[in-house]
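Written out below as structure tokens is the structure these notes cover.
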Amino acid sequence: MEYDFRAVEKKWQQYWKEHKTFKTENTSSKPKYYVLDMFPYPSGAGLHVGHPLGYIASDIFARYKRLKGFNVLHPMGYDSFGLPAEQYAIQTGQHPEITTKTNIERYREQLDKIGFSFDWDREVRTSNPNYYKWTQWIFIQLFNSWYNPETNKAENIERLIERFRNGSISFGEGRGEASWDLLSEKEQSDILLNYRLAFLSDTMVNWCPQLGTVLANEEVKDGVSERGGYPVERKLMKQWSMRITAYADRLLNDLDGIDWTESIKEAQRNWIGKSEGTSLKFQISNSKFQIEVFTTRPDTIFGVSFVTLAPEHELVSVVTTAENKKAVEEYVTTSKNRSERERQADVKKITGVFTGSYVEHPFTGKQIPIWVGDYVLAGYGTGAVMAVPMHDTRDFAFANHFGIPKHMVIQPPVDWDFAINSYDEKLGKLINSDFLNGLEVKDAIKKAIAMIEEKGIGKGKTNFRLRDAIFGRQRYWGEPIPVYYKHLSTTLSTGEGDVIPCVVDEKDLPLLLPEVDKYLPTETGEPPLARAKDWKYKGRYEYECSTMPGWAGSSWYFLRYMDAHNDKTFVSKEAVDYWQNVDLYIGGAEHATGHLLYVRFWTKFLNDLGLIPAIEPAKKLINQGMIQGVSSFVYRIGNTNQYVSHGLRKDYETTPLHVDVNIVNNNVLDTEAFMNWRAENKSAEFILENGKYICGSEVEKMSKSKWNVVSPDDIVQQHGADCLRLYEMFLGPLELSKPWNTNGISGVSNFIRKLWRLFHVGDNLNVSDTPATKPELKALHKTIKKIIFDIENFSFNTSVSNFMICVNELTELKCNKREILEPLAIIIAPYAPHIAEELWNQLGHTDSITYATFPECKEEYLIESSFNYPVSFNGKTRFFQEYDLSLSKEDIEKEVLTLEQTQKYLEGKTPKKIIVVHNKIVNIVV
RNA sequence: GCGGAUGUGGCGUAAUUGGCAGCCGCGCCAGACUUAGGAUCUGGUGCCGUGAGGCGUGGGGGUUCGAGUCCCUUCAUCCGCACCA
């Protein structure tokens with residue numbers, strides 16, 4: 001009988017569960033190793049074959065490390081707050097908690113079937129109050145902290161207040177020498193909000209009316225929401241934000257110390273967008289005001305021919321003269337009404353308007369016109385730029401469009417046609433630039449900054465593209481922000497009471513998510529939490545009604561796994577001192593500027609507070625590729641119920657329609673199944689080619705709506721979990737994206753059966769205790785060596801081929817020696833744990849193979865005494881000749897020349913040169 | 001526009017890091033066996049050519065005795081960022 005994978009896999013999954021085989025302790029004499037997967041959001045669609053790809057790789061690595069004698073932490077959990085469950089709740093009235101629970105159970109079932117070695121006792125769910133209690137606790141620490149630029153660390157806000165009191169830090173302009181304690185509570189609160197790491201402020205947000213919430217920058221793609229693709233507009237709102245910008249420099253610099261893919265690091269560098277330059281103030285002619293600009297090119301100061309303000313700039317109205325008022329106001333209004341999307345869509349379209357005013361050039365005193373243009377972004381730098389058309393592409397285009405003069409101040413070291421392009425390179429010598437003349441750009445930048453600073457009109461400055469992260473979401477299914485609003489004594493002037501935000505007391509955590517009647521905003525546009533009845537802090541104070549964003553819970557979950565049940569603290573000192581941080585983190589590259597940046601931010605913050613020892617969450621990060629789906633299409637003719645085969649569709653007017661890939665085999669449609677697939681297909685007619693209906697196909701994202709989802713459950717049911725694991729690895733390098741194709745799976749399936757047959761004759765184990773032969777030992781140890789190399793280089797696809805080679809060789813050798821087969825079972829165990837356990841058990845072991853010892857490669861079995869040299873002429877291999885490895889280069893050279901074959905290829909000529917590379921090649925140059 | 005990645009048979013891929021290109025599979029071809037199965041086994045399979053042989057790692061050029069691998073250049077595809085001064 002054949003290997004019964006269904007029985008065996010069920011048996012061992014049961015065994016692991018009962019024996020808690022993968023339970024991990026926080027103390028051990030073994031070295032620690034932490035392998036983490038990005039936890040999933042449990043969606044209603046369940047897992048498809050793409051999801052487990054990374055989990056399989058990490059599981060192999062975790063199991064390998066256990067065999068290598070490490071104490072391995074390999075947990076799993078769920079990122080269970082989020083939009084889809086809430087959208088579903090809005091549609092059906094079903095509480096998101098119930099949906100979430102159902103989805104998690106389904107995920108768990110699917111995961112269990114694949115045989116992962118997770119320690120489920122450490123499971124976390126971000127929507128669980130025991131978990132989000134600590135997410136809220138961390139929020140409170142952020143609220144109570146400020147970033148001290150001198151120590152470059154977050155500190156308790158009390159330290160800042162002390163410094164306000166003793167005057168070592170001034171708490172604001174225009175308040176004179178007033179002492180801190182004389183300020184009202186409201187004034188103090190407002191000032192502190194400018195420093196707190198979690199703070200409330202009026203911010204331009206990405207507001208999505210359809211979703212009824214604000215979105216973070218990385219949740220907006222091309223002006224529409226990432227989820228759902230709804231339009232997003234800019235809106236000024238009072239919002240909770242995280243001062244991630246305080247950490248910009250550290251987030252950038254510390255990238256050098258971590259082993260992450262270059263693409264992720266580069267994406268983060270771009271996102272942080274550090275740019276060094278200088279601020280510079282221009283005096284507005286006949287005015288008390290100045291315009292401050294930021295530039296990275298102070299060297300081009302003598303090339304300035306205009307100054308441009310963003311339409312939102314506060315000085316626009318000030319500098320606009322009466323005769324230009326109408327035009328400017330019109331322009332500003334149009335610009336503001338254009339959505340972010342529209343602005344981005346036509347970047348090429350140059351628009352702007354002259355204000356009628358001028359600034360004075362700081363060095364020449366010349367009059368420089370002030371323009372307004374929406375190519376200048378209000379949110380970056382100072383919202384104003386000094387325009388140098390000859391040396392900046394955008395200024396060049398603007399100047400050309402409006403016929404503004406251009407001044408050349410850098411002599412390019414190459415031929416340059418200034419009629420076509422500006423010269424933006426930081427290379428060349430300065431000309432027409434007074435004290436900068438003759439300097440190289442690099443030196444000119446330094447000199448210009450020095451002169452600007454000396455004149456007191458600006459100073460060297462670093463700008464970041466990174467924005468503070470908006471933290472509040474006007475949604476229901478998220479962590480309540482643990483903030484309440486305290487009413488202060490009524491002020492006489494307004495008759496209204498001042499209100500200040502305060503964090504709830506730590507002992508009152510968790511602040512539970514209240515029940516609401518509907519998951520929609522209120523009639524007045526308040527978030528759903530405003531519907532909660534009698535929901536007040538201490539029965540008196542209104543709570544904050546927005547909830548945390550999806551990334552809050554995932555910004556520290558790697559810590560909670562270390563100590564998942566602690567109800568005294570978010571993670572105990574002992575646990576975090578032992579586990580430190582993640583050694584290997586596997587997940588998708590789509591989180592490059594979202595999760596992966598926030599988790600680094602929170603890690604650094606918690607480290608600043610001395611709560612955790614690590615400054616980075618993960619030492620090594622691997623991004624698994626995406627598994628795409630292959631969609632199948634049928635072609636419906638017009639509005640009929642007739643479908644035409646792919647090859648003949650050109651003759652008709654057709655509409656391509658997605659068809660369930662499960663009723664298509666090798667592009668051939670099962671027409672009967674199609675007719676039964678949906679009621680409206682019952683009477684479908686087909687125009688066939690060669691008696692078959694051929695479907696079209698396309699590679700797309702795997703998704704329910706495209707009918708191209710392949711479920712791991714089906715693969716496990718048909719071929720087994722070990723087969724799925726091996727096949728997913730066999731597909732190709734982990735990092736590569738590829739479309740799923742089940743066709744090749746039979747090769748892996750055959751391999752598993754072949755492996756089984758190596759140990760069995762009929763139904764019986766047939767393993768001999770006689771010593772192994774040299775070729776058998778060689779086959780084994782060669783494989784051990786390769787597998788170690790492969791795993792440590794995360795080259796899981798080549799390991800699978802190497803196992804196949806090994807089993808093929810041993811089958812050829814008719815090897816059934818315990819001395820060979822027992823180590824073979826161990827090295828294959830991380831990949832195919834079920835069959836490995838079964839074989840191990842049949843070999844007479846009573847314990848799990850999980851904690852066996854990974855065999856060592858003994859080089860002595862690999863030593864060869866001779867080598868079959870390829871002999872080539874002018875680099876072209878012509879024949880082979882075996883020589884003993886003890887032979888010297890000279891000996892081989894002599895030997896080769898005596899060969900009849902050599903003489904044949906020499907055709908009577910004398911070789912110019914003979915190259916002999918030991919153990920590699922012989923090359924004869926003629 | 002900037003940045004990152006990828007490009008090898010009909011397909012997925014491999015190549016000890018400069019040394020026999022195509023390992024391991026899928027598919028395909030031929031054969032064996034047969035209780036005719038989508039089973040198992042054996043052999044073959046880069047392309048052109050009956051053959052000797054020639055050509056072959058997106059294209060072009062270079063370094064080298066020797067290049068998929070190194071250098072220059074160019075093209076294509078995918079991903080990220082994108083008026084960031």
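Given the structure is predicted, the values throughout are model-derived calculations rather than measurements.
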Mind checking [X] for me? I need base, sugar-phosphate or nothing, with any heavy atom below 4.0 Å counting as a touch.
X: A/S746; result: sugar-phosphate
X: A/F730; result: base
X: A/V917; result: base
X: A/N797; result: sugar-phosphate
X: A/I915; result: base
X: A/L736; result: sugar-phosphate

Would you mind writing out the side-chain donor-acceptor pairs for residues 913-922 of chain A within the sub-3.5 Å range, not counting sequence neighbours?
{"unit_1": "A/H918", "atom_1": "NE2", "unit_2": "A/L885", "atom_2": "O", "d": "2.9"}

Euclidean distance for [atom1], [N] against [M] (whole angstrom):
N: B/C11; M: B/C65; atom1: P; value: 36 Å
N: B/G56; M: B/A67; atom1: P; value: 12 Å
N: B/C28; M: B/U34; atom1: P; value: 24 Å
N: B/A5; M: B/G58; atom1: C1'; value: 16 Å
N: B/G59; M: B/U8; atom1: P; value: 10 Å
N: B/A82; M: B/G10; atom1: P; value: 41 Å
N: B/G46; M: B/U57; atom1: C1'; value: 11 Å

>> Pairing donors with acceptors under 3.5 angstrom, does anything connect the side chains of A/N793 and A/S795?
In response: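 Side-chain D/A pair, A/N793 to A/S795: absent.
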>> Just by distance, no angles: are the side chains of A/K754 and A/N808 close enough, under 3.5 Å, to form a donor-acceptor pair?
In response: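 Judged by distance alone, the side chains do pair up.
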> Would B/G60 be called syn or anti, given that syn covers angles within 90° of 0?
Replying inline: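 This nucleotide is in anti.
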> When you check the glycosidic angle of B/U17, does it come out syn, meaning within 90° of 0, or anti?
Replying inline: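 Glycosidic conformation of B/U17: syn.
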Rounded off to whole Å, could you give me the [atom1]-to-[atom2] distance for the [X] and [N] pair?
X: A/K265; N: B/A5; atom1: NZ; atom2: P; answer: 12 Å
X: A/L377; N: B/A85; atom1: CG; atom2: P; answer: 10 Å
X: A/I272; N: B/G3; atom1: CD1; atom2: P; answer: 18 Å
X: A/N874; N: B/G54; atom1: CG; atom2: P; answer: 12 Å

Nearest to the side chain of [X], heavy atoms from C-beta on, is which of [options]?
X: A/R757; options: B/G4, B/A85, B/U40; value: B/U40
X: A/W271; options: B/C24, B/A82, B/G80; value: B/A82
X: A/V925; options: B/C65, B/A21, B/G25; value: B/C65
X: A/K920; options: B/G4, B/G19, B/A85; value: B/G19

> Which comes earlier along RNA chain B counting from the 5' end, the contact point of A/N750 or that of A/P733, where each point is its nearest nucleotide?
Replying inline: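 Counting from the 5' end, the first nearest nucleotide belongs to A/P733.
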> So which one's nearest nucleotide on RNA chain B is more toward 5', A/F880 or A/S737?
Replying inline: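 This one resolves to A/S737.
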>> Regarding B/C81, can its base be found pairing with the side chain of A/N270 as donor and acceptor, where the two atoms are less than 3.5 Å apart?
In response: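 It does not, because no donor-acceptor pair links the side chain of A/N270 to the base of B/C81 below 3.5 Å.
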> Taking atom CG of A/L887 and atom NZ of A/K894, what is their separation to the nearest 0.5 Å?
Replying inline: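 The CG atom of A/L887 sits 9.5 Å away from the NZ atom of A/K894.
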> What pair of heavy atoms forms the shortest contact from A/H391 to A/Y423, and how long is it?
Replying inline: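 Scanning both residues completely, I find the closest heavy atoms to be ND1-O, 3.0 Å.
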> If you measure from the Lys or Arg side-chain nitrogens to the Asp or Glu carboxylate oxygens, is any gap between A/D392 and A/R297 under 4.0 Å?
Replying inline: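 No, A/D392 and A/R297 are not salt-bridged.
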